[in-house]
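Written out below as structure tokens is the structure these notes cover.
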Amino acid sequence: MKKYALILAAGKGTRMRTELPKCAFPILKKPMISYIMENIEKSTIDETCVIVGHKKEVLENILGDKVLYAYQAEQLGTGHAVLAAEPVLGDKEGVTFILPGDMPLMEYPLMDKILRSHEEMGNDLTIVTMVMEYPKTYGRIVRDEYGLVTAIVEENDCNETQKLIKEVNSSVYVVNNKLLFEYVKKIKRNERKGEYYLTDIVKLMHQEHKVNTFIVRNPMVTMGINDLYGISIAEKYLRDSINKSHMLNGVSMVNPETITISHNAIIEPGVWIYPNSVILGNSIIKAGAIIGPNAEVNDSIIHEKAEIRHSIVKDSEVGENTTVGPFAHLRNHAIIGKDNRVGNFVEIKNSTTGEHTKAAHLIYIGDSEVGKNVNFGCGSVTVNYDGVKKHKTIIGDDVFIGCNVNLVAPIKIEDNVFIAAGSTVTEDVPKGSLAIARNKQINKADYAKHLIKAKE
Ligand code: UD1
Ligand code: CA
């Protein structure tokens, strides 16, 4: 039997109070709907239709041509949204797995289990439910004296007895596709809200068809996100589960509640991560590296035994045994070699360095190719920008750059050069030279007293 997924994602998400449509809102930098789609792709579902409406182009951009789209021009409720899929799914034989676009935490093994249960029980409609201690905002599952489901009632339409019901609707359903479109047409507008509630399909179907529930044990995975507080709860859940899987794989974390790691990051066993650190994008952290405290590593590779403390590394690479920080900033393809030291208040951008190079304090290196065993003195700067264009600095091996040196690019410093402190170097320096580019010092004998006197 063919299996279809139908994702309801046309709503604005008014309670979010954000510009982005709710189902596109990111959790750990990934849009909510992508979580759902990635799991559907791994499940046994054959084809997916997404109902879009409010800012549909945002969702279409995220999902591309992986899915079929149906358009709900006006958002008149979840029942109305399903009806909008009739032109796409209306004549299909099979079952339809309905999911709300604001429920990103359900994983594909559970999706398949629900589908199997629907088939094995011979249901026409399976409602996925969960039991909640404080079920506010969820529709309640109403059963008759035999325990059979007869209706779903929204919180605001509940009487006092119904409000006490703890079994709630997750908004996930499996339903015989033909029956779905037959019955969804019969749904009437809810008088209080003026919307067509998909939940009303239960009271229409239960007498003539087999309506059953599938109870999910962990209500977190069927949590519907309606506001930014919900986003933070989902984020915490995902963070915990990502961190746990890394820890079980041999990554040590100190105070893991403060550590955020993206889904795509690869972290080898033997890495240590200290508090308040984030590892984002497609970062790779190799064995023995130390990240944090207070480190941000984004789309970067950190090699074996490197250390990143109180620093930012973005779109860059840090070589084996190299230490970065505290308070360093590597960005835009800074490729740092092995055994380097990048110390306090050092910024390196779009540059490469060879082995054993050191930039210990207060240094800017930009658009440079730096060799091995180079020492940058405190306050040295590659002057890469002339106000119009960026220029390149090339520095050979075994170069010593004194404190407060400006290397005005474009410039080439050859191997074994020594540059005197305080020099502003504008010409290339040949191999083995000492470059001094500053005024000679004059000492005026006995002169200081005049100045000291003047001050008095
Ligand atoms: C819905 C259910 C409720 C359930 C809860 C679980 C109804 C009437 N209520 O309530 O029983 O406990 O989910 O989370 O179904 N959408 C559209 N078009 C619309 C309206 C909504 O596509 O016209 C989409 C939204 O984008 C969203 C999903 O449907 O992704 C659910 O809508 P939402 O407004 O969040 O429903 P709830 O009030 O949470
Ligand atoms: Ca919801």
Side-chain angles (χ1 to χ4, degrees), residues 5-18 20-25 31-33 35-37 49-56 58-59 62-63 69-85 88 98-106 125 127-132 134-142 149 151-158 162-163 165-173 175 180 184 187-204 213 215-216 219-231 233-234:
L6 180 55
I7 308 179
L8 313 185
K12 185 164 182 247
T14 316
R15 290 166 280 182
M16 292 284 284
R17 295 170 181 268
T18 57
L20 266 185
K22 174 165 75 174
C23 305
F25 202 87
M32 224 189 275
I33 195 134
Y35 287 90
I36 302 172
M37 236 3 258
C49 172
V50 182
I51 315 280
V52 291
H54 175 73
K55 294 201 176 162
K56 67 182 177 64
V58 179
L59 289 163
I62 295 168
L63 297 172
Y69 294 97
Y71 182 51
Q72 186 196 20
E74 224 186 326
Q75 283 78 57
L76 296 178
T78 46
H80 184 257
V82 168
L83 196 54
V88 182
I98 302 176
L99 302 117
D102 64 357
M103 196 202 69
L105 302 181
M106 182 183 279
L125 168 64
I127 309 156
V128 178
T129 69
M130 65 274 199
V131 175
M132 294 189 98
Y134 302 103
K136 250 190 168 354
T137 79
Y138 288 95
R140 308 296 203 279
I141 304 295
V142 178
V149 184
I152 299 175
V153 185
E154 292 304 292
E155 161 91 14
N156 289 330
D157 299 316
C158 278
Q162 289 168 336
K163 273 194 182 151
I165 298 172
K166 292 187 171 169
E167 188 186 3
V168 299
N169 171 29
S170 71
S171 243
V172 174
Y173 316 83
V175 52
L180 173 65
V184 87
I187 293 174
K188 298 217 166 59
R189 255 189 186 199
N190 173 289
E191 282 177 14
R192 185 182 53 79
K193 219 165 167 216
E195 288 187 355
Y196 297 87
Y197 286 174
L198 178 58
T199 44
D200 285 350
I201 203 170
V202 176
K203 58 181 185 227
L204 296 170
T213 56
I215 305 180
V216 168
M220 270 310 290
V221 304
T222 41
M223 182 181 77
I225 295 175
N226 296 319
D227 49 33
L228 291 178
Y229 178 61
I231 292 277
I233 295 172

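Just so you know, ligand 1 is whichever comes first in the structure, and atom 1 is the first atom listed for that ligand.
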| note | ligand 1 to A9, heavy atom cutoff 4.0 Å, flagged ligand atoms 22 (O), 26 (O)
| field | Non-hydrogen side-chain atoms of Y173 and I152 separated by less than 4.5 Å | value | yes
| Any donor-acceptor N/O pair, K22 side chain to I225 backbone, under 3.5 Å | yes
| query | So which bit of E195 gets within less than 4.0 Å of ligand 1, heavy atoms only: side chain, backbone, both or neither? | reply | neither
| So does K55 have more than 12 non-hydrogen atoms from other groups sitting under 6.0 Å from NZ? | yes
| Contact atoms of ligand 1, heavy-atom distance to G139 under 4.0 Å | 3 (C), 4 (C), 11 (O), 12 (O)
| query | Among protein heavy atoms, which lies nearest atom 29 (O) of ligand 1, and at what distance? | reply | L8 CB, 3.4 Å
| note | A student checking ligand 1 against G101 at a 4.0 Å heavy-atom cut-off should list atoms 30 (O)
| field | Check: A81 N/O within less than 3.5 Å of ligand 1 N/O | value | no
| field | Those atoms of ligand 1 less than 4.0 Å from some heavy atom in Q72 | value | 17 (C), 18 (N), 19 (C), 22 (O), 23 (O)
| field | Nitrogen or oxygen of Y138 less than 3.5 angstrom from that of ligand 1 | value | no
| query | At a 4.0 Å threshold, what atoms of ligand 1 neighbour a non-hydrogen atom of K22? | reply | 35 (O)
| Y69 ring centre to K56 NZ or CZ under 6.0 Å, with the angle to the axis within 45°? | no
| Does M103 have a heavy atom less than 4.0 Å from any atom of ligand 1? | no
| said: From the N, O or S atoms in D102, identify the one nearest to the Ca ion (ligand 2). | reply: OD2
| said: Can you name the atoms of ligand 1, numbered from 1 with element, that are less than 4.0 Å from a heavy atom of C23? | reply: 30 (O)
| request: Check whether any N, O or S atom of T137, backbone or side chain, sits closer than 3.0 Å to the Ca ion (ligand 2). | output: no
| query | Can V142 and K203 be said to form a side chain to side chain contact (heavy atoms under 4.5 Å, CB included), step by step? | reply | CA-CA 10 Å; V142 178; K203 58 181 185 227; over 6 Å; no
| field | Separation between CD of Q75 and CG of L8, rounded to the nearest 0.5 Å | value | 11.5 Å
| message | Heavy atoms only, cut-off 4.0 Å: how does L76 contact ligand 1, side chain, backbone, both, or neither? | response | backbone
| If you measure from atom 35 (O) of ligand 1 to every heavy atom of N156, I51, D102, T137, which option wins on shortest distance? | D102
| query | So is R15 close enough to ligand 1, meaning a heavy atom under 4.0 angstrom away? | reply | yes
| Which residue owns the protein heavy atom closest to atom 13 (O) of ligand 1, what's the atom, and how far is it? | S171 OG, 3.0 Å
| message | For a side chain to side chain contact (heavy atoms under 4.5 Å, CB included) check, start with the C-alpha distance between R15 and Y229, then their side-chain angles and the critical distance, and finish with the verdict. | response | CA-CA 10 Å; R15 290 166 280 182; Y229 178 61; over 6 Å; no
| field | Steps toward side chain to side chain contact (heavy atoms under 4.5 Å, CB included) verdict (T199, N169) | value | CA-CA 8 Å; T199 44; N169 171 29; 3.3 Å; yes
| message | Quick one, I187 with L83, criterion side chain to side chain contact (heavy atoms under 4.5 Å, CB included). Give me CA distance, side-chain angles, the key distance, then yes/no. | response | CA-CA 10 Å; I187 293 174; L83 196 54; over 6 Å; no
| field | Residue R192 excluded, over 12 heavy atoms near CZ under 6.0 Å | value | yes
| request: Would you check whether H80 reaches within less than 4.0 Å of ligand 1, judged by its heavy atoms? | output: no
| For R140 and Q162, which heavy atoms make the closest approach, and how far apart are they? | CG-O, 3.5 Å
| Under 3.5 Å, is there a donor-acceptor pair between the Y196 and D200 side chains? | no
| message | With heavy-atom distances below 4.0 Å as the criterion, list the atoms of ligand 1 near N226. | response | 35 (O), 39 (O)
| Out of curiosity, I141 CD1 to K166 NZ, how far, rounded to the nearest 0.5 Å? | 15.5 Å
| request: Write out the residue and atom name of the closest protein heavy atom to atom 16 (N) of ligand 1, then the distance separating them to 0.1 Å. | output: G11 N, 3.9 Å
| task | State whether the shortest distance between N or O atoms of G224 and N or O atoms of ligand 1 falls below 3.5 angstrom. | result | no
| field | Proximity winner for atom 19 (C) of ligand 1, if only heavy atoms of S170, A10, G77 are counted | value | G77
| task | Write out the residue and atom name of the closest protein heavy atom to atom 11 (O) of ligand 1, then the distance separating them to 0.1 Å. | result | E154 OE2, 2.6 Å
| query | For atom 4 (C) of ligand 1, which of V128, T78, N169 has the closest heavy atom? | reply | N169
| query | Where the side chain of S170 meets the backbone of V128, is there a donor-acceptor pair that is under 3.5 Å apart? | reply | yes
